[in-house]
Amino acid sequence: MDTKLMTETARAMVAPGKGLLAADESAGTCKKRFDSVNVESTEENRRAYRELLFTTPGLPEYVSGVILFDETIRQKTKDGVNFAEYLKKNGILPGIKVDGGAHDMALHPGEKVTEGLDGLARRMQEYFAMGARFAKWRAVITIGERIPSRACIEANAHALTRYSAICQEASIVPIVEPEVLLDGNHTVERSEEVHQATLEALFHSLERHGVSLEHVILKASMVVSGKENARQAPVAEVAERTLRVLKRTVPAALPGVVFLSGGQTDENATAHLDAMNRIGGAPWPLTFSYSRALQAVALKAWRGNAANVGTAQKAFHHRAKMNSLAAKGQWTRSLEKEAVAA
Ligand code: 13P
């Protein structure tokens, strides 16, 4: 276990003004995204799309690391360079999604538990050899009538903990991602309560298992109103509630907190991050680890056509830059308007 390497990795992941690109959509999720723009989800199309993202000029200024999927870490640029190697050469850390997805939890209708611990230690060594320096495991917590249950919160916290221990033994920094879904009609108050319970359980579990908190990155969801709720909490309230719950539950020892976008609009994901950084005073850097809120514009501009690569890269570059500014609390809405005008 190389703690010095993990310290360097964690620090680089949350370097000032930089965040992560989540490009680790499973084949199933990728198909869903490609379907929305009428692109067939073939291995070559997935490769070409990821190449478009990774080779975007100027990306290393805003993106410190990319989360890859198992298929992608084995793929190459059209010039034959492994993606992981290409990223590393450009100053971007390759990371890897290692969980086996969220599956229905037995005896708990409507709830999920993430699988994938079997054989993980061996796979982790292989990923390290392929260049991965951090990993991701996503747990899903659903809010509904009488859920989440204590059992669901604890089963997921336990899996996240076992995964983290296995990562650290292989000198890979674990990103722990307990995503509280925004689907449903719950209030923002309820979201805050569930975040609090989920994060408390996770950090208790990590401590009990001796996981080094100095080498863990939290990937958090934000405390937003349920998508179907009539009252949508404004940006300032989301920022305040999210920061409050994080300060109550996340040890200051953590090197950083990154956020998922979870189905928020692109601009809201940026505005919320910016608002939190403007409030300031958090013991950890707060930055982004978005998939949809970074990629949606690029996918729409690309539509599977090589002739659109330049336009798609420009759109993607813009979102990366906006989120980089938000990570420093320096974003404004007028910057978005300038981009539309340009
Ligand atoms: P979104 O930003 O689209 O929520 O994706 C982030 C992620 O990695 C989910 O696991």
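As a basis for the values below, the full set of heavy atoms in this structure was taken, side chains included, without hydrogen atoms, waters or symmetry mates. Counting starts at 1 for both ligands and their atoms, following the listed order.
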How far apart are the C-alpha atoms of Val309 and Trp302, what are their side-chain angles, what is the distance that settles it, and do they pass the side-chain contact (heavy atoms from CB on, under 4.5 Å) test? CA-CA 6 Å; Val309 165; Trp302 176 56; 4.2 Å; yes
Does Lys219 reach ligand 1, in the sense of a heavy atom lying below 4.0 Å from it? yes
Counting only heavy atoms closer than 4.0 Å, does ligand 1 sit against the backbone of Arg138, its side chain, both, or neither? side chain
If you define the side chain from C-beta out and look only at heavy atoms, does anything of Pro174 sit under 4.5 Å from Tyr163? yes
Any nitrogen or oxygen of Glu179, main chain or side chain, under 3.5 Å from a nitrogen or oxygen of ligand 1? no
So, Glu126 and Arg74, do they make that salt bridge, N to O below 4.0 Å? yes
Evaluate Gly262 for polar contact with ligand 1, using N/O atom pairs at a separation under 3.5 Å. yes
Hey, is Lys136 one of the residues with a heavy atom under 4.0 angstrom from ligand 1? yes
Among non-hydrogen protein atoms, atom 3 (O) of ligand 1 lies closest to Arg292 NE, 2.7 Å
So which protein heavy atom does atom 9 (C) of ligand 1 come closest to, and at what separation? Glu177 OE2, 3.3 Å
Which atoms of ligand 1 are found less than 4.0 Å from any heavy atom of Ala22? 8 (O)
Any nitrogen or oxygen of Tyr290, side chain or backbone, less than 3.5 Å from one on ligand 1? no
State whether Arg241 and Glu189 are salt-bridged, where the test is any N-O pair (Lys NZ or Arg NE/NH1/NH2 against Asp/Glu carboxylate O) under 4.0 Å. yes
Hey, does Ser289 come in under 3.5 Å of ligand 1, counting only N/O atoms on both sides? no
When Lys31, Gln295, Arg292 are each screened for side chain to side chain donor-acceptor pair (under 3.5 Å) with Glu25, the one that passes is Gln295
Residue, atom name and distance, where the atom is the protein heavy atom closest to atom 2 (O) of ligand 1: Ser261 OG, 2.5 Å
Basic-acidic side-chain contact under 4.0 Å: Arg46, Glu71: yes
Heavy-atom pairs closer than 4.0 Å: do any link ligand 1 to the side chain of Ser291, the backbone, both, or neither? both
Side-chain touch Glu267/Trp331, heavy atoms, less than 4.5 angstrom: yes
Are Arg190 and Glu193 ion-paired here, with the side-chain N under 4.0 Å from a carboxylate O? yes
